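Predicted, not measured: the structure shown is a model, and the values here were computed from it.
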Amino acid sequence: MLQNTLADENHDATPSRAKSSNPIAVSTYSYWRYRDDSKLTILECIDLADKAGFDGVEILHVQMEDTSNAMLQQIKQRAFKYGLDLCGFSTHQSFVNPDADKRQENVDHTIKCIELAYAMGIPTIRVNTGRWGTSGSFDELMANKGIEPNLEGYTDDQGFDWVYEGLEKCLPTAEKCGVVLGLENHWGLGRTAKGVLRCINHINSPWLRATLDTGNFLENQYQQYTELAPEAVFVQAKTYFGGGTWYTLDIDYDRVAKTLRDVDYRGYISLEFEGEEKHEIAIPKSLAMLRKAFA
């Protein structure tokens, strides 16, 4: 009995794990930014991430030109060689479509992406609700601050029901593979923290949480960071050196870091550089800024 009492006392006296700085990753998107003349391979991006001094790499799925198992294992081996985590997989899908076959195509695509992440040892993928698609182009969507009209004859409530259905179909594979779906505030029905949280709360699964993108709230950004932070399993941090591709946000990363510390977020901060400056200059500056803010 005395031994048990002493053990309990020692356990109670043990300090919790010391808080440390958030690890900083870089998205392969930061080196490409959808520019016609600068698409690098994933392996090239991993090499650059190592030279810059990042802790991990987030892979943008549409940047991959080869998704064979041989390439997936080569990507994993290259990151391991440098001591880098493959910490995130950024994917695209849209469940906001009245056509059930189209929605199922996006379910199938998302399940395939979960399996790709699993093969590379990546613990979370970015997923989207999707949008109505009534904007003429992405440039037009950005000019309208991500707001677009619904498809004629359909409501947001119907759209959310399609999103719930699509994500729920993906969850068994996510659980089987141990890959958390991080629903991002990425335009469409997920343009706001409220929209993302509506999906998370309705589905109520530990395998669906949030990816918080600091650059995708175009109004009341700090309030929305605060609302979404408790559900975040991954954070993407935008910087805009040289001026943004579509817009430039003034983001106070010291303030963002405090918001995340307040909810005990200990995970990755992944740089998404989206400016006009050359990445060779802008990415090291971005890393230094994020290191300081999230120390």
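- The side-chain heavy atoms of L249 and L218, taken from C-beta on, include a pair separated by under 4.5 Å.
- Judged purely by atom type and a 3.5 angstrom limit, Y222 uses its side chain to pair as donor or acceptor with the backbone of D252.
- T173 and Y118 share no side-chain donor-acceptor pair at under 3.5 Å.
- In terms of heavy atoms, Q236 sits closest to S90 at NE2-OG, 4.0 Å.
- Side-chain atoms of N106 come within 3.5 Å of backbone atoms of S94 as a donor-acceptor pair (strictly under, hydrogens ignored).
- Between atom CG of residue L43 and atom CZ of residue R78 there is a gap of 4.5 Å, rounded to the nearest 0.5 Å.
- Annotation: the span from N128 atom CG to L181 atom CG amounts to 11.5 Å, rounded to 0.5 Å.
- Not counting sequence neighbours, E115 has no partner by the salt bridge (charged side-chain N to carboxylate O under 4.0 Å, His left out) test.
- Of all heavy-atom pairs spanning R266 and P23, the tightest one is O-CD, 3.7 Å.
- At distances below 3.5 Å, not a single donor-acceptor pair connects side-chain atoms of E44 with backbone N or O atoms of L40.
- Ring centroids of Y34 and W32 are separated by less than 6.0 Å, placing the two rings close together.
- Between R126 and E58 no salt bridge is recorded (no basic side-chain N to carboxylate O distance below 4.0 Å).
- Under a 3.5 Å cut-off, the side chain of Y268 and the backbone N or O of D55 do form a donor-acceptor pair.
- Taken together through direct or relayed side-chain contacts under 4.5 Å among Ile, Leu, Val, Met, Phe, Trp and Tyr, F80 and I122 form parts of separate hydrophobic clusters.
- In the hydrophobic clustering of ILVMFWY residues, with side-chain heavy atoms under 4.5 Å counting as a link, V62 and V26 come out together.
- Residues passing the side chain to side chain donor-acceptor pair (under 3.5 Å) test with N204: none are found, sequence neighbours excluded.
- A donor-acceptor pair under 3.5 Å links the side-chain atoms of N22 to the main chain of Y265, judged by distance alone.
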Please lay out, stage by stage, how Y164 and F95 fare under the test side chain to side chain contact (heavy atoms under 4.5 Å, CB included).
-> CA-CA 9 Å; Y164 304 154; F95 303 111; over 6 Å; no
Evaluate the criterion salt bridge (Lys or Arg N to Asp or Glu O under 4.0 Å) for residue pair K112 and D108; output intermediate values, then yes/no.
-> CA-CA 6 Å; K112 178 62 177 177; D108 295 342; over 6 Å; no
Where do Y247 and M142 land on the side chain to side chain contact (heavy atoms under 4.5 Å, CB included) test, with the steps shown first?
-> CA-CA 8 Å; Y247 54 82; M142 292 297 91; 3.7 Å; yes
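- Without hydrogens or angle criteria, T124 side chain to V180 main chain gives a donor-acceptor distance under 3.5 Å.
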Pair L72-M64, side chain to side chain contact (heavy atoms under 4.5 Å, CB included): steps then yes or no | CA-CA 10 Å; L72 301 181; M64 300 179 75; 3.7 Å; yes
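- The line from CH2 of W132 to CG of N150 is 5.0 Å long, rounded to the nearest 0.5 Å.
- Pairing each heavy atom of T155 with each of Q158, the nearest pair is N-OE1, 2.9 Å.
- With hydrogens and angles ignored, the 3.5 Å screen pairs no side-chain donor or acceptor of T129 with any backbone N or O of V163.
- Defined by atom type and a distance below 3.5 Å, a donor-acceptor pair is missing between the side-chain atoms of Q224 and N185.
- Minimum interatomic distance between A52 and L287 (heavy atoms only, all atoms of both residues): O-CD2, 3.3 Å.
- Once rounded to the nearest 0.5 Å, the distance linking CZ of F273 with OH of Y31 reads 11.0 Å.
- E276 has no carboxylate O lying under 4.0 Å from a charged side-chain N of R33, or vice versa, which leaves the two without a salt bridge.
- With 3.5 Å as the limit, one finds a donor-acceptor pair spanning the side chains of E227 and Q223.
- Under the 4.5 Å side-chain criterion, counting only non-hydrogen atoms from C-beta, P98 is in contact with W162.
- Using a 4.5 Å heavy-atom threshold, the side chains of I200 and R209 count as touching.
- The NZ atom of K285 lies 3.5 Å from the CD atom of E277; values are rounded to the nearest 0.5 Å.
- Contact record, L84 with I46: CD1-O, 3.8 Å, taken as the closest heavy-atom pair.
- In this view, L141 and R131, S135, F138, E148, W187 satisfy the side chain to side chain contact (heavy atoms under 4.5 Å, CB included) rule, not counting sequence neighbours.
- In terms of modelled atom types and a separation under 3.5 Å, the side chain of K238 and the main chain of D213 share no donor-acceptor contact.
- Side-chain N or O atoms of T28 include one that pairs as donor or acceptor with a backbone N or O of L60 at under 3.5 Å.
- Residues F89 and A117 approach most closely at CD2-CB, 4.0 Å, considering heavy atoms.
- By the 30° and 60° cut-offs, the orientation of the rings of H186 relative to H92 is perpendicular.
- Between L116 and T91, the closest side-chain pair of non-hydrogen atoms is not below 4.5 Å.
- Looking at R198 and D157, a side-chain N of the basic residue comes within less than 4.0 Å of a carboxylate O on the acidic one, giving a salt bridge.
- K51 and D47 are not joined by a salt bridge, as no carboxylate oxygen comes within less than 4.0 angstrom of a charged side-chain nitrogen.
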Checking side chain to side chain contact (heavy atoms under 4.5 Å, CB included) for the pair M71/E65: CA distance, chi angles, key distance, verdict?
-> CA-CA 10 Å; M71 177 53 69; E65 297 179 344; over 6 Å; no
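- Within the model, atoms OG of S286 and CZ of F54 stand 7.0 Å from one another, a figure rounded to the nearest 0.5 Å.
- A 4.5 Å side-chain heavy-atom check between P172 and K176 finds every atom pair outside the cut-off.
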